[in-house]
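Note on naming: letters A, B, ... go to the chains in the order of the sequence lines (proteins, then strands), and numbering restarts at 1 for each one. When reading the values below, keep in mind they use all heavy atoms of this one structure, side chains included, and skip hydrogens, waters and symmetry mates.
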Protein chains: 2
Amino acid sequence: MSRKKRVTSYDVAREAGVSQSAVSRVFRPGFSASDKTREKVLEVAKRMGYKPNAIARMLITQQSGIIAVIVSSRANVNYPEVLSQLNKSISQRQKRVLLFTLDSSDDLDELLESIWTFQVDGVIALAAHFEERSLEQLAQHNIPVVLYNRNVPEANANSVCCSHERGIKQLIDILHEGNHRSYLIISGPEDSDVANERREIASQYLTQLGYSDTPIVYGDYSYESGREALARWLKNNNLPDAVICSNDIMAIGVIDELRENMKLSVPDDVSVVGFDGVSAASWYSYQITTIRQPLEQLTKAAVDILMERIENPDSPPETRVLVGKLIAGNSTKPRG
Amino acid sequence: MSRKKRVTSYDVAREAGVSQSAVSRVFRPGFSASDKTREKVLEVAKRMGYKPNAIARMLITQQSGIIAVIVSSRANVNYPEVLSQLNKSISQRQKRVLLFTLDSSDDLDELLESIWTFQVDGVIALAAHFEERSLEQLAQHNIPVVLYNRNVPEANANSVCCSHERGIKQLIDILHEGNHRSYLIISGPEDSDVANERREIASQYLTQLGYSDTPIVYGDYSYESGREALARWLKNNNLPDAVICSNDIMAIGVIDELRENMKLSVPDDVSVVGFDGVSAASWYSYQITTIRQPLEQLTKAAVDILMERIENPDSPPETRVLVGKLIAGNSTKPRG
DNA sequence: TATTTTTTTGCATTCGAAGTCATTGTTAAT
DNA sequence: ATTAACAATGACTTCGAATGCAAAAAAATA
């Protein structure tokens, strides 16, 4: 009931015997005020429990200090972790993260409108599927965007990503040099850009090495889908020498399916590789050969690029590609 | 350069030949305007690309439509998942999530000030350590709070949590009835309230069953810490019949340590139980006996309670305790 | 048709801090 | 002492939408 009325800069000004402008200046870094008033104002402000109202400040400065982070609901398993890191990194720069989830791609326009109404300083999109049109929409409003793990080379967009090409080729090289002669690709869902990219790279590189028409089955990045995808394939087909999975979690599913239901050994009977380098990949029971995404560097790069565009809106678009680290595990071994 | 100027309600008003108030009312649900003006305004607004400025609206209405979510950096492994769910649930109610991370407990005051500055409608705190004093601070500002998995019975706070007591007693009952006669507790970090609660419950219940002074070793919730904690213990002590871990991830670490370095079998040589019911707990290689937290129901309850307090600030404080589901896995089996 | 009731409407003000501009006070230079 | 240069200050306006109030218009009643 007795909703305590907010203490405003006017209240402090009156109490301290100065003008409202003076109070404002004291709380604005880089604005001048004599030591005497500064001291006085800070003292009174503290006593009265005054804090500048962020909303009012946003309105007048046209700067919210808010970064919108869009996470697609079809998000990769390790995005939650990325999100925490992003938040930490952004908080350290005195900005805040406003979260948005993107369910289906068709309400993206609406989402962007909504983002715009918050006057956010910038946007980081985690693997959401962005049309070029949407990017332009944000560009029109002068809102810088950084795409995370979403390379849109044709568009003039800022982006950071882990080099899927480099990583997958490294994994395949290991298998190829280890005399694996037949392959199966277990891809992530078809509506995931990352999954599509990883699958295409693998498929093409295998063709280049002389294994054309490598079979592909689809999962949804989950453990169960990895198991099912493999089981489905083996029902009517022979065991390949190696299984290339679009992520670690499906690779773990594949390994468990091979061990439990097929009574086969990994890596003795078949090699399995994953991608991402999630922590479970290194657990004793799996020890997957995989590519570890440099998550920290990726998020750092994303935030760095974004902040640069916020401070200097005319910086040209930049794409930063980081190379993941090959983890040579025990889920692969040379054949014959 | 040519920073497109924002379209304001005045612009729309002028173009549509009505007053600014009329435009405002058209965009405010539940306010009256004749069909004629409504139609006209909407048409013009659409044509000009007008959307009400959320910041200005917040300032005048004193309502931000923003929910602050505080995640402690010492967060339990499955909080990222909780966070996604919370965000989804809150978005569905047309509110937004503003993320805050809490590093050390001493800057909580500052964090709360900062939260207050944003005029958030409510706060959800994920397992952050909250003093009663902090809760009062928010209460003074009339900001409702819901604590997630943080039961503060003495304080007049809203909270939701999974019944650790019920869950842990169930797990211990299984072990006790399965003739396990010596125990080891592997607890989460001492600065985690949840870990402390789980440990205390286990310890006291074991005492009650006649196993006083059950040894306790500490980890930090991580896989490695589970392995290390067990290894450290076994260096100078005998193998217990059962190991009770504060979470699944440490239980997985314990199992791997037993298998890899001790060459022991789980559950033949020793039983292991966890807590949380994370997805990895059910993987073939582990199949941990554990308690699955009803995450979805918990987040739903948290959001429900919060929304209720926002709409009706005088609702009395409420604590909702949900019971987790026992998952009888293969990491335990009766002795002798 | 006259009158009452109800619905629409616009004017003016409000939210709270920031910034513009002109003025005053202070210090440095001549 | 006198001017120039500069720092500090307050009065006033701004950001953009919401809303109390009174006037106007429309609808309902007599």
Whole Å only: how far is the [atom1] atom of [X] from the [atom2] atom of [N]?
X	N	atom1	atom2	answer
Ile55(B)	dT14(D)	CD1	C1'	16 Å
Lys40(A)	dT9(D)	NZ	C1'	16 Å
Asp11(B)	dA17(D)	CG	C1'	13 Å

Scoring nucleotides 9-19 of chain C by protein non-hydrogen atoms under 4.0 Å (B base, S sugar-phosphate only, - none) yields BBBB-BBBBBB
> So, Glu308(B) versus Asn158(B): side-chain donor-acceptor pair below 3.5 Å or not?
Replying inline: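 Side-chain D/A pair, Glu308(B) to Asn158(B): absent.
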Fill in: Spatial distance of atom CG (Leu86(A)) from atom OG (Ser91(A)) [nearest 0.5 Å]
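One gets 10.0 Å once the value is rounded to the nearest 0.5 Å.
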Applying salt bridge (charged side-chain N to carboxylate O under 4.0 Å, His left out) to Arg96(A) and Asp121(A), what does each step give before you reach the verdict? CA-CA 10 Å; Arg96(A) 299 291 166 193; Asp121(A) 294 349; over 6 Å; no
- Does the pair Leu322(A) and Val160(A) meet the rule for a side chain to side chain contact (heavy atoms under 4.5 Å, CB included), with working shown? CA-CA 8 Å; Leu322(A) 301 179; Val160(A) 298; over 6 Å; no
* Asked: What are the two closest heavy atoms between Leu147(A) and Ala157(A), and how far apart are they?
  ->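 Taking every non-hydrogen atom into account, CD1-CB, 4.1 Å.
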